[in-house]
Number of protein chains: 2
Amino acid sequence: MPEIPDPIKEQCLSKGGIEGIVALIPSDQDIDHRSLVFRALAEPMRQKILFALVEQPLCACLLKEMLAISDSKLSYHLSILKDAELIKGKKEGSWIIYQPTKKGNSIAMLIQDF
Amino acid sequence: MPEIPDPIKEQCLSKGGIEGIVALIPSDQDIDHRSLVFRALAEPMRQKILFALVEQPLCACLLKEMLAISDSKLSYHLSILKDAELIKGKKEGSWIIYQPTKKGNSIAMLIQDF
DNA sequence: TTGTGGTTTCAAAAAGATTTGAAATGGTGA
DNA sequence: TCACCATTTCAAATCTTTTTGAAACCACAA
């Protein structure tokens, strides 16, 4: 009574066994970095913010109106997007204008097909 | 004393104002669907599972050994990946062999650059 | 049947993320 | 200086996700 199905075992051995496959998995650092991005995009509100900013840079005041949420809530979600390096804010006069980073832009394009 | 910075206001008006931009944001349905995928990939353990399965189909028993986690924990994470339609399980003899779906495969490729 | 191996379910506990409203910050103009 | 506006921070409350270990399930063989 085998403990592993045969065809899988064979294919697995041809890759150097379990260790061989584990070695092909991206590093923890890579994975943690992507996690940060995925957690940022996991919240619908934050996807909306990113997609709105891809259309055009916006100040917090317009985003707030657009999404109908409180200042502190918006600030919280913006900070998560900033930490994931998907957007950046630039001070202009009295306002902070947000826009996607290069990374934010390209990820926004890629995820259209998800 | 204006309430919105001028250049932003102009660009915004040229897109049909706030409503115009809101109309360009993907639908709630789209966004929620992507959220499911992002939540699934937000957890490092689940990224590892997906990347391992992209290398080769594996039974739960090998995944368990590879990741050094309990049965119920593995089962929980597999169910989240299945719900997001990133992987599927196929019964073969006594085992269930997991592998990425078509969608799981193509997303795994795309996110390498994230 | 009875047992066994592989997997899933369950409920409770623990950990983590989000929301809330109030208070703080920081720059700007009166 | 003072007041004001946009934005951020904070701590508490709430909500969601993950972990845990035990029990259940299911197909199959003895």
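Throughout, protein chains are lettered first and strands after them, A, B, ... in sequence-line order, and every chain is numbered starting at 1. These figures come from a predicted structure and were not determined experimentally.
The side chain of B/D71 lies closest to C/dT7, out of C/dT7, D/dT18, D/dA6. For B/H77, whose side chain is taken as the heavy atoms from C-beta onward, the closest listed nucleotide among D/dT20, C/dT18, D/dT18 is D/dT18. Of all nucleotides listed (D/dT20, C/dT8, D/dT18), D/dT18 comes nearest to the side chain of B/R46. For B/E43, the side-chain atoms get nearest to D/dT18 when compared with the rest of D/dT8, C/dT18, D/dT18. Side-chain proximity of A/I80 to the nucleotides C/dT18, C/dT9, D/dT19 is greatest for C/dT18. Of the candidates C/dT19, C/dT7, D/dT7, the closest approach to any side-chain atom of A/Y76 belongs to C/dT19. Nearest to the side chain of B/W95, among C/dT20, D/dT18, C/dT7, sits C/dT7. Closest to the side chain of A/I96, from the set C/dT8, D/dT7, C/dG6, is D/dT7. Here the nucleotide nearest the side chain of A/R39, chosen from D/dA6, C/dA17, C/dT7, is C/dA17.
At whole-Å resolution of the value, CG in B/L67 and C1' in C/dT7 are 16 Å apart. Put simply, CD1 on A/I69 is 12 Å from P on D/dT7, counting in whole angstrom units. Computed from coordinates, the A/I87 CD1 to D/dT7 C1' distance equals 13 Å when rounded to whole Å. For the pair B/K91 NZ and D/dC25 P, the interatomic distance rounds to 16 Å; values are reported in whole Å. Going from atom CG of B/D32 over to atom P of D/dT16 covers 14 Å, rounded to whole Å. Here the P atom of nucleotide C/dT20 and the CG atom of A/L74 are 13 Å apart, to the nearest Å.
Base engagement by A/S72 is indicated by at least one non-hydrogen atom pair under 4.0 Å involving a base atom. As judged by a 4.0 angstrom heavy-atom cut-off over every strand, A/K64 is placed among residues making no nucleic acid contact.
What you find for A/P57 and B/I8 is that their closest heavy atoms are O-CD1, 3.5 Å. Heavy atoms only, all atoms of each residue included: A/I87 and A/L53 are closest at CG2-CD1, 3.8 Å.
Taking five base pairs at each end of the helix from C/dT1-D/dA30 to C/dA30-D/dT1, the local helix axes there meet at an angle of 0°, rounded to 10°.
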